[in-house]
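What follows is a set of notes on a single structure, which appears directly below.
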Amino acid sequence: MNLPAGTQHAPRVLAAIVDGSLTREREAMSLSQHGWTPVRDTSGSAAPSTPGVVGAAIRFEGIVRRKELQTEPHEEGAKCEQDLLALEYQTYDPMAERGLMALSREVAERHGLIALSALHSRGRVHVGEVSFVLIVESAHRAEALAAMADFIDRLKQDVPIWKFPVWR
Amino acid sequence: MNLPAGTQHAPRVLAAIVDGSLTREREAMSLSQHGWTPVRDTSGSAAPSTPGVVGAAIRFEGIVRRKELQTEPHEEGAKCEQDLLALEYQTYDPMAERGLMALSREVAERHGLIALSALHSRGRVHVGEVSFVLIVESAHRAEALAAMADFIDRLKQDVPIWKFPVWR
Amino acid sequence: MQLEVLIFGGAALAAKTDRVTVEVSGAPTVREVLAALHAQHPALKFALPPPETGRLAVNQAFAKGERLIVPGPLEQGGDEVALITLVGGG
Amino acid sequence: MQLEVLIFGGAALAAKTDRVTVEVSGAPTVREVLAALHAQHPALKFALPPPETGRLAVNQAFAKGERLIVPGPLEQGGDEVALITLVGGG
């Protein structure tokens, strides 16, 4: 594969399941537990990277909405009639974290990224709180955008995490 | 147009040209000058939004790379031979800021976003520093990702900002 | 023999339990276990993939088709089997 | 009459100046000014769009084709004209 300049090395990848919502504090703690220090406070992302190599950094946050789309067939009756209090995320451990890690590695390599970190909540996350963070760093924007879309699509297929509504 | 729930109101949009690199401080100052207060410290984005309406927040940062791709034909000779010290951004004022604002509004409306803010540097931005920040908030991830790609493509066509390499 | 299959998400809600048991013979394949789930747990039908192409998690890794499954308790060398479908993280 | 056209980016670097002058007659259209730039400033060719479809900024807004341009100093009601091509922000 013809990788962009600056990505000859294997991408740096981090993936973790974190209990509760992804506050800035829990995110920082999780990154540091895995030996990562943020490159810059803005993106709060990767392990030490050669300065000047990253040209695009994208941070995606999934946030719990008050009106959750009903996707589970058995909940048909409750369709969008009530407001959510929270989502309860159930993970099949340790397959969920391993799956998140495998997906992270795969997407980072396929798109020639410099770094990718993915954090997902387990347990209760209230409306307005963050349940998923994906940070991607690459030489140019095209691969960062493509990697992000690719990752999120695959996450919903291959990583054993389920969400349950907690009604108000 | 059939907008997603929670975006019946016009999207909140901010666009500004900022002198120098987009440090966190300059970003916060620029947001507050325009009367915006960050929703949460993570995304650092929009004006007060109904809690629970935003489901996806994406932050894109364009960062100056040490090896800049040569795109100007007259620079053909210098192609990737030298390391950059910085990029110098020239803007055609006030058309640049107005163009950034018009593009922001157009993209936010076309994709049914809840909020979009775009900041671009003017003047010198050193290698490793941020020259462009785009923050997008929407009900679901699909429109946020599409809006981001759309915005960045159009930015390079329609907003009168030029960059000049400053060699090391 | 009896094989225990872990279930999650919508399947667990519908079945009001986090595991179901299927009657299988010997060491069945993934395909056979999926077929047994279809036959013996019709309430899970909405969550079950077709036996020919569907997958299960066997010892926490995806497996399909002819992959053999060893029934029995984990402590006695049995496989951990889980139905992973309709995931919805993010 | 003489019309001043602001230039930027690669065009300004190539011409070693931030504005060029073209000789036009009366109040020309955008198309005519682009044609005059092609004829009178061949060094800018790489940065010039085709007169039929290209645009200029007139008083800081994009304009094309038959749009009329008033030459002369801004203070005397003249239009501010700029060549905006090969932009490269971000």
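Since the model is a prediction, treat every value here as computed from it, not as a measurement. The sequence lines fix the lettering, A, B, ..., with proteins before strands; numbering per chain opens at 1.
The salt bridge (Lys or Arg N to Asp or Glu O under 4.0 Å) contacts involving residues 84-100 of chain A comprise A/E88-A/R124, A/D93-A/R122, where partners must be two or more places apart or lie in separate chains.
Under the side chain to side chain contact (heavy atoms under 4.5 Å, CB included) criterion, B/V127 pairs with B/V64, B/R66, B/L84, not counting sequence neighbours.
At distances below 3.5 Å, at least one donor-acceptor pair connects side-chain atoms of A/R65 with backbone N or O atoms of B/V53.
Environment of CZ in B/R26: crowded, with over 12 heavy atoms of neighbouring residues, nucleotides or ligands closer than 6.0 Å.
In this structure, CD1 in B/I58 is found 9.5 Å from CG in A/L134, a value given to the nearest 0.5 Å. Separation of atoms CZ (A/R141) and CD1 (B/I63) is listed at 14.0 Å; rounding is to 0.5 Å.
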